[in-house]
Amino acid sequence: MTSQDPPPEHPRPHPARTIAYMIPSFVLRLLQFILIVVGGTVGTATLIIWIGFPILLAVTGFIRWSGDLERRWARRMLGTPLVPVERLSLDGQSLTRRWLTRLSDPTTWRDLAYLMVAFPLSIVELPIALASIILLPMAIWVTPWLGWLHGNLALSMLGPNRTKKLEKKAEHLQASRARGVDAAEAERRRIERDLHDGAQQRLVAVAMSLGRAKSKFDNDPNAVRDLIDEAHSDAKLAVSELRDLARGIYPAVLGDRGLDAALSAQAAKSPIPVDVHVDVEPRPPAAVETTAYFIVGETLTNIAKHSGATEATVKVWRSETHVITEITDNGHGGAEVRPGGGLAGLADRAATIDGVITVVSPVGGPTVIRADLPCQW
């Protein structure tokens, strides 16, 4: 699988992995809870005679170590997209300064909050996990949802803080804007090239034919008639090419009748059979419709040229926040997002509205290209 961005949501974990997560987690969190509570109490009580200082230093270090362990454990077993957090640097500091730095680090307190909440949760999760070993319906339906909820709790408490999230979003928007500018520039060059190589040449031919006809108007009426016929043919071709160019910028059927009619018209022109299913009510914004239309069109063109497929399916549906476009073919597979390639161009087009392209194309097929296009920015 290749993708331009990581998946935005946390999927439900596998039942067996969830059970394997919950049972040993109870023992781990019991030890964490005892060490943190007892160590924190003893350290605070003996701080006045300085014995508590190394104890509290060890406790804060243990809290940070446990938080990192929980991130790795939840990522591995529950599939929660947790990454190592950036902490305040401790290099070159004395023991006292290290302790104060750890206390002033917000991630230390977030780690502590999670560990204190996780222990009572593990008391509830342990009997459910044990019962799920025997009761299959509970293992199939209850346990994965409980693991999903726990994973989201861990993500909210152990994931990046609000500042880091905003920084990451700003970086993503900056990258999307740059790719959108590149896509717009590539589109402008395509329009200029089509105008120069097509309609412009036809109009020049029309002008030349009319000029020759004008010079022969009095001496050779038959030649004038032929030249006017030639100019007329070139003018019709120029009009046709301009119409195709305008359709390539924004098809009239898309604006008038929406995605269903526009994609059905595209499918009808494809050299291979294409099955189209569209359900996007209420109608999405024009920018989303246009992006989905051109992604489907370019993908169907690539399928016909390169995939060796004999059939394809286009499905477009709408969630609360996104329009999802999915194109599947039964070709030989092996498609990848390569810099400068056709799929990279699709990703750039989707990025203009902060969308994401995902490609699943094992060798031997089938190939699935999915575009998640947000309906609001």
**OP:** Answer whether the closest heavy-atom distance between the side chains of R370 and I357 falls below 4.5 Å.
**Re:** no
Subject >> Where P144 and M138 come nearest, the two heavy atoms and their spacing >> reply: CD-O, 4.4 Å
Original post:
In Å and rounded to the nearest 0.5 Å, what is the CD1 to CG distance from I295 to L263?
Top reply: 11.0 Å
Original post:
Do W317 and V296 belong together in a cluster built from hydrophobic side chains that touch within less than 4.5 Å?
Top reply: no
Subject >> Cluster link V117 to L78, ILVMFWY, side chain under 4.5 Å >> reply: yes
Subject >> Pairwise distance CZ(R75) to CG(L82) - rounded to 0.5 angstrom >> reply: 7.0 Å
Original post:
For the residue pair P81 and L155, what are the closest heavy atoms and their distance?
Top reply: O-CD1, 3.8 Å
Subject >> Minimum side-chain heavy-atom gap F119-Q32 below 4.5 Å >> reply: no
Original post:
Quick one: does R257's side chain have a donor or acceptor within less than 3.5 Å of a partner on A262's backbone?
Top reply: no
Original post:
Should P24 and W73 count as side-chain neighbours, where that means a heavy-atom distance under 4.5 Å?
Top reply: yes
Subject >> Spatial distance of atom CG (L69) from atom CZ (R64) [nearest 0.5 Å] >> reply: 15.0 Å
**OP:** Establish, from distance only, whether the side-chain atoms of T143 and S132 form a donor-acceptor pair under 3.5 Å.
**Re:** yes
**OP:** Could you tell me which non-hydrogen atom of Y21 sits nearest to which non-hydrogen atom of E70, and how far apart they are?
**Re:** OH-OE1, 3.9 Å
**OP:** Grab the two heavy atoms, one from F53 and one from L47, that are nearest each other, plus how far apart they are.
**Re:** N-CD1, 3.7 Å
**OP:** Kindly work out whether a path of hydrophobic side-chain contacts (I/L/V/M/F/W/Y, heavy atoms less than 4.5 Å apart) joins I23 to I140.
**Re:** no
Subject >> Between OG1 on residue T291 and CD on residue E289, distance to nearest 0.5 Å >> reply: 10.0 Å
**OP:** For the pair H322 (side chain) and D372 (backbone), establish whether a donor and an acceptor sit closer than 3.5 Å, ignoring hydrogens and angles.
**Re:** no
**OP:** Please report the C-alpha distance between I303 and I327 in whole Å, then the side-chain angles of each, then the deciding distance to 0.1 Å, and finally whether the side-chain contact (heavy atoms from CB on, under 4.5 Å) criterion is met.
**Re:** CA-CA 10 Å; I303 290 173; I327 307 101; 3.8 Å; yes
Original post:
Can you tell me if S270 uses its side chain to pair, donor with acceptor, with the backbone of I272 under 3.5 Å?
Top reply: yes
**OP:** Hey, could you give me the NE2/CE distance between H150 and M77, rounded to the nearest 0.5 Å?
**Re:** 12.5 Å
**OP:** Work out which heavy atom in L300 is nearest to a heavy atom in A312; give both atom names and the distance.
**Re:** CD2-CB, 4.4 Å
Subject >> hydrophobic_cluster_shared for I128 and W141, side chain cutoff 4.5 Å >> reply: no
Original post:
Between the side chain of R71 and the main-chain N/O of G67, is any donor-acceptor distance below 3.5 Å?
Top reply: yes
Original post:
So, does R110 use its side chain to make a donor-acceptor pair with the main chain of M157 at under 3.5 Å?
Top reply: yes
Original post:
Given side chains that start at C-beta, do those of V314 and E326 come closer than 4.5 Å, heavy atoms only?
Top reply: no
**OP:** Check whether any side-chain heavy atom of L130 sits under 4.5 Å from a side-chain heavy atom of P127, and report yes or no.
**Re:** no
Original post:
Between atom CD1 of I369 and atom OG1 of T367, what is the distance when rounded to the nearest 0.5 Å?
Top reply: 6.5 Å
Original post:
Does a side chain donor of either D275 or H277 reach within less than 3.5 Å of an acceptor in the other side chain?
Top reply: yes
**OP:** Kindly say whether V323 contributes a backbone atom to a donor-acceptor pair with the side chain of R318 at under 3.5 angstrom?
**Re:** no
Subject >> T310 vs N330, side-chain hydrogen bond (donor to acceptor under 3.5 Å, both in side chains): CA-CA, chis, key distance, verdict >> reply: CA-CA 7 Å; T310 58; N330 64 346; 2.8 Å; yes
**OP:** Could you verify whether a donor N or O on one side chain and an acceptor N or O on the other, from S122 and R29, lie under 3.5 Å apart?
**Re:** no
Subject >> Where I123 and F26 come nearest, the two heavy atoms and their spacing >> reply: CG1-CE1, 3.9 Å
Subject >> Under 3.5 Å: donor-acceptor pair, side chain of T60, backbone of L57 >> reply: yes
Original post:
Is any side-chain heavy atom of L158 closer than 4.5 Å to a side-chain heavy atom of D111?
Top reply: yes
**OP:** Could you please spell out the steps behind the salt bridge (charged side-chain N to carboxylate O under 4.0 Å, His left out) verdict for D260 and R283?
**Re:** CA-CA 10 Å; D260 194 358; R283 189 168 176 175; over 6 Å; no
Subject >> hydrophobic_cluster_shared for I324 and V274, side chain cutoff 4.5 Å >> reply: no
